[in-house]
Amino acid sequence: MAANEPPKPADFIREIITEDIETKKYESRVHTRFPPEPNGYLHIGHAKSICLNFGIARDFNGQCNLRFDDTNPTKEEVEYVESIKEDVRWLGFDWDDRLFYASDYFEQLYQYAVLLIRKGKAYVCDLTPDEIREYRGTLTEPGKNSPYRGRSVEENLDLLSRMRAGEFENGSRTLRAKIDMSSGNINMRDPVMFRVLRAEHHRTGDKWCIYPMYDYAHCVSDSLEGITHSLCTLEFEDHRPLYDWFLNELGIYHPRQIEFARLNLSNTVLSKRKLIQLVRDGSVSGWDDPRMPTIAGIRRRGYTPESVRNFCDRIGVAKRDSTVDIALLEYCVREDLNKRVPRVMAVLRPLKVVIDNYPEDLLEELDAVNNPEDPSMGTRKVPFSRVLYIEKDDFREDPPKQFFRLAPGREVRLRYAYYITCVGVIKDERTAEVTELRCTYDPKTRGGDSPDGRKVKATLHWVSAGHSREAEVRLYDHLILEAGPGEEREGRDFKDLLNPNSLELLESCRIEPGLGAALPGGRYQFERLGYFCVDPDSTPEKLVFNRTATLRDTWAKIEKGKKK
RNA sequence: UGGGGAGUCGUCCAAUGGCAGGACGGCAGACUCUGGAUCUGCUUAUAGGGGUUCGAAUCCUCUCUCCCCAGCCA
């Protein structure tokens, strides 16, 4: 598409923006912002918002700011600020020099508050938090006016400056907008603008004793930055009248707030409260545990930024509550990795195989294709010898009907190597566990093709016992067992739904020798198993891999279906 | 029961008065030196009732269901 061609609207927000451009609203500018509160790590739900905001700026030749909504120092930390910046960058977006903080605007917010007091539109209220709640009324009953609502402009001004100066205790006084205590919209019942809060702010230190509330700070921040379209999630729909009220009363530049549905993902929790709980109680190893739906977790899990962006494009943007099947996310990462990562052979649960008729001291280097999807990735040599490992799952002494793999008397192909036939099974005398297989190979099938054209029904991956290296592999599964978003039914905590088998540790896996040089972050397909990446815990002495995603597994599906 | 929203395949998103379509999932098949990938086919939806119209997912109307709001959180 040509750069100047207007993009076709792909969702209702882009439709609105397209129309605003046509009608020359905001001088046809497009300026969005991504406004996280630095009180936790970003997750896949934020990725949706990031892709939306930065994506719209890109599509319409506009700009997108990164703005930290840091108005509550009791919950916010620099650690979160840094992680958020890293995650947005990793996703592939750039805010150039437009990094802002709501705390940049504290002084301006204060001055605007003074203006509202002068207009008789704000007042200092001495009600306690409990009293404010009582006066607010309920969903069905109107509230009543605060007894302090009628204070003079002078008294309000004096009190506000003394709030700022730190003369009053936390929670003792607030500055409130004077709107309508009987409004059906509870947000309009004289909402708090500033609260007394003596807390160390990660950027402004102890300079302020009062901090602005979201509703007041957000619209003014948007206005100050010249935002045109302020995109937020559905729960802020009720707040839009207040957003508009502040800006109208202040008489300043007025962006438009548009709400869209937040992302819900099956088998996942996406609430900051729950995620922080998992981190704090040790249910996961940290914010970047590969099972976490955080950007940091997804990254460590081996997802690519491209696959996450693609996912965000595919799920669309709309106003109805929805829960996306996590299978779509998994599809996106497989699709991407399939095309780009090298294949390699690794045996997760090794079963020893001795090729009886293969010479003791022979070592062959066989050619293996690095990526059948991309010939330009070339080939490599893998060593073959008399003693090998194959996957335990690839052998059944008593094979069920649809099991095509190795069994006594059966011939299969070892990928890129030879046809082998199982001629003996050695078991542990006490446990009856199969510990070793004796096989013969057909020398004429070198490379994996038989000159006589006979077929085998299975191709197995393998490694040479003497040449392979040991590795630790971490297998991950969904953190949450249930698909639905409303995990909390009567009397149940979401933690009851945690999958007890979300992590399986395999410490004695065998990988082909070429993988010895794998560096953290490196991604591979272990043939027939899935996509794996090297974990940061990995060292040259001890390689550690994370399973990013399994391959689609028809056999597993058949087996699972049978059990039912 | 106040205010604000939303109802389309199992799931997500389209269709903006004119043949309800795509993706994921599922099922079947083709192909395959990965039971992978790829390809093909199938599957299934307009919450309900009235109305307007030649024609309604779309407009009107009544009903039903679901979500959000009573923080000095965002």
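Here is how names work: the chains are called A, B, and so on, in the same order as the sequence lines, proteins then strands, and each is numbered from 1. Side chains are part of it too, since the values below use all heavy atoms of this structure and drop only hydrogens, waters and symmetry mates. Small disclaimer: the values here were computed from a predicted structure and weren't measured.
Less than 4.0 Å separates RNA chain B from at least one heavy atom of each of the following residues of residues 335-342 of chain A: Asn338(A).
The base of G25(B) has none of its N or O atoms less than 3.5 Å from a complementary donor or acceptor on the side chain of Glu330(A).
Here the separation of A74(B) from G10(B), taken at their P atoms, is 41 Å to the nearest Å. A distance of about 48 Å separates the C1' atoms of G49(B) and U38(B), rounded to the whole Å. Taking the P atoms as reference points, G7(B) lies 15 Å from U46(B), given to the whole Å. Nucleotides A45(B) and C9(B) have their P atoms positioned 9 Å apart, rounded to a whole Å. As rounded to the nearest Å, U40(B) and U32(B) have C1' atoms that lie 15 Å from one another. Look at the C1' atom in both G18(B) and U58(B): the space between them is 11 Å, to the nearest Å. Spacing between A57(B) and C19(B) at atom C1', rounded to whole Å, works out to 14 Å.
For the pair Arg410(A)/Cys422(A), no side-chain contact is recorded, criterion being any heavy-atom separation below 4.5 Å from C-beta on. Within the 4.5 Å cutoff, the side chain of Val463(A) has no heavy atoms near those of the Ile390(A) side chain.
Shown here are the salt bridge (charged side-chain N to carboxylate O under 4.0 Å, His left out) partners of Arg173(A), two or more places apart in sequence or in another chain: Asp126(A). Partners of Pro400(A) according to the side chain to side chain contact (heavy atoms under 4.5 Å, CB included) rule, which considers only residues two or more places apart in sequence or in another chain, are Arg396(A), Phe403(A), Trp555(A), Lys562(A). Taking Thr304(A) as the reference, Ser307(A), Asp336(A) meet the side chain to side chain donor-acceptor pair (under 3.5 Å) condition, with sequence neighbours excluded. Every residue meeting the side chain to side chain contact (heavy atoms under 4.5 Å, CB included) condition with Leu139(A), not counting sequence neighbours, appears here in chain and number order: Ile186(A). The side chain to side chain donor-acceptor pair (under 3.5 Å) check on Arg262(A) picks up Glu235(A), with sequence neighbours excluded. Residues meeting the side chain to side chain donor-acceptor pair (under 3.5 Å) test with Ser230(A), sequence neighbours left out: Arg33(A), Asp222(A). Leu234(A) is linked by a side chain to side chain contact (heavy atoms under 4.5 Å, CB included) to Glu237(A), Glu259(A), Ala261(A), Lys319(A), Asp321(A), counting only residues two or more places apart in sequence or in another chain.
Between the CG atom of Asn371(A) and the P atom of G36(B) there is a distance of 16 Å, rounded to whole Å. Computed from coordinates, the Met181(A) CE to G3(B) P distance equals 17 Å when rounded to whole Å. Look at CG on Asp374(A): it is 18 Å from P on A37(B), rounded to the nearest Å. Atom-to-atom, CZ of Phe526(A) to P of U34(B) comes out at 19 Å; the value is rounded to the nearest Å. Regarding Phe404(A), its CZ atom lies at a distance of 15 Å from the P atom of U32(B), rounded to whole Å. Summarising the geometry, the separation between CZ on Arg14(A) and P on A14(B) is reported as 11 Å, rounded to the nearest angstrom. In this structure, CD of Glu512(A) is placed 13 Å from C1' of U34(B), rounded to the nearest angstrom. Taking atom CD1 on Ile315(A) and atom C1' on C12(B), their separation rounds to 8 Å, with Å as the unit.
Contact annotation for Gln402(A): base contact, defined as any heavy-atom pair under 4.0 Å involving a base atom. As judged by a 4.0 angstrom heavy-atom cut-off over every strand, Lys557(A) is placed among residues touching the sugar-phosphate backbone only. Counting non-hydrogen atoms under 4.0 angstrom, Phe403(A) reaches a base of the nucleic acid. Here Val317(A) lies in heavy-atom contact (under 4.0 Å) with sugar-phosphate atoms only. Using a 4.0 Å heavy-atom cutoff across all strands shown, Gln525(A) reaches at least one base atom of the nucleic acid. Contact annotation for Glu15(A): base contact, defined as any heavy-atom pair under 4.0 Å involving a base atom. Residue contacts shown for Arg405(A) include a base, since a base heavy atom lies under 4.0 Å away. Using a 4.0 Å heavy-atom distance criterion, Arg552(A) is classed as a sugar-phosphate-only contact. In this structure, Tyr211(A) reaches neither bases nor backbone, as no heavy-atom distance under 4.0 Å exists between it and the strands shown. Within 4.0 Å of Thr554(A), counting heavy atoms only, lie sugar-phosphate atoms of the nucleic acid but no base atom. When heavy atoms are screened at a 4.0 angstrom cut-off, Glu527(A) is found touching base atoms of the nucleic acid.
Listed pair Arg334(A) / G36(B) fails the phosphate criterion, with no side-chain N or O lying under 4.0 Å from OP1 or OP2. Residue Ser183(A) places no side-chain N or O under 4.0 Å from the OP1 or OP2 atom of G2(B). For the OP1/OP2 pair of C12(B) and a distance below 4.0 Å, the side-chain nitrogens and oxygens of Arg320(A) include no atom meeting the criterion.
The shortest non-hydrogen separation linking Glu37(A) to Asn72(A) is OE2-CB, 3.9 Å. Smallest separation of non-hydrogen atoms from Asn267(A) and Leu481(A): OD1-O, 3.1 Å.
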Tabulate atom names and distances for all N/O pairs under 3.5 angstrom spanning the protein and nucleotides 42-46 of chain B.
none

What N/O pairs connect the protein and nucleotides 21-23 of chain B at under 3.5 Å? Give each pair on its own line.
| from | atom 1 | to | atom 2 | distance (Å) |
| --- | --- | --- | --- | --- |
| A23(B) | O2' | Arg314(A) | NH1 | 2.9 |

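By the 6.0 Å and 45° rule, Arg334(A) does not stack over the aromatic ring of Tyr531(A). At least one test fails for Arg405(A) against the ring of Phe395(A): distance under 6.0 Å to the centre or angle within 45° of the axis.
By the 30° and 60° cut-offs, the orientation of the rings of Tyr243(A) relative to His218(A) is tilted. Between His239(A) and Phe236(A), the ring planes are perpendicular. Angles over 60° get that label, and only those under 30° would be called parallel.
Under the 6.0 Å cut-off for aromatic ring centres, Phe68(A) and Tyr101(A) qualify, their centroids lying closer than that. A distance of 6.0 Å or more separates the ring centres of Tyr216(A) and Tyr112(A).
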Dot-bracket pairing map - RNA chain B, Watson-Crick plus G-U, both contacts under 3.5 Å, | cross-strand: .((((((..((((....[..))))((((((.......))))))...(((((..]....))))))))))).....
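For the residue pair Arg189(A) / Ser183(A), no side-chain donor-acceptor distance below 3.5 Å is found, with atom types taken as modelled.
In textbook terms, a nucleotide whose glycosidic angle is within 90° of 0 is syn, and G71(B) is one such case.
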Protein proximity profile, nucleotides 65-74 of chain B - base contact B, sugar-phosphate-only contact S, no contact -, cut-off 4.0 Å on heavy atoms: --SBBBSBSB
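For the ring pair (Phe, Tyr, Trp, His ring centres under 6.0 Å) with Tyr211(A), the lone residue among Phe194(A), Phe106(A), Tyr110(A), Tyr105(A) that qualifies is Phe106(A).
Comparing Ala327(A) and Asp553(A) against RNA chain B, the residue whose closest nucleotide sits nearer the 5' end is Ala327(A).
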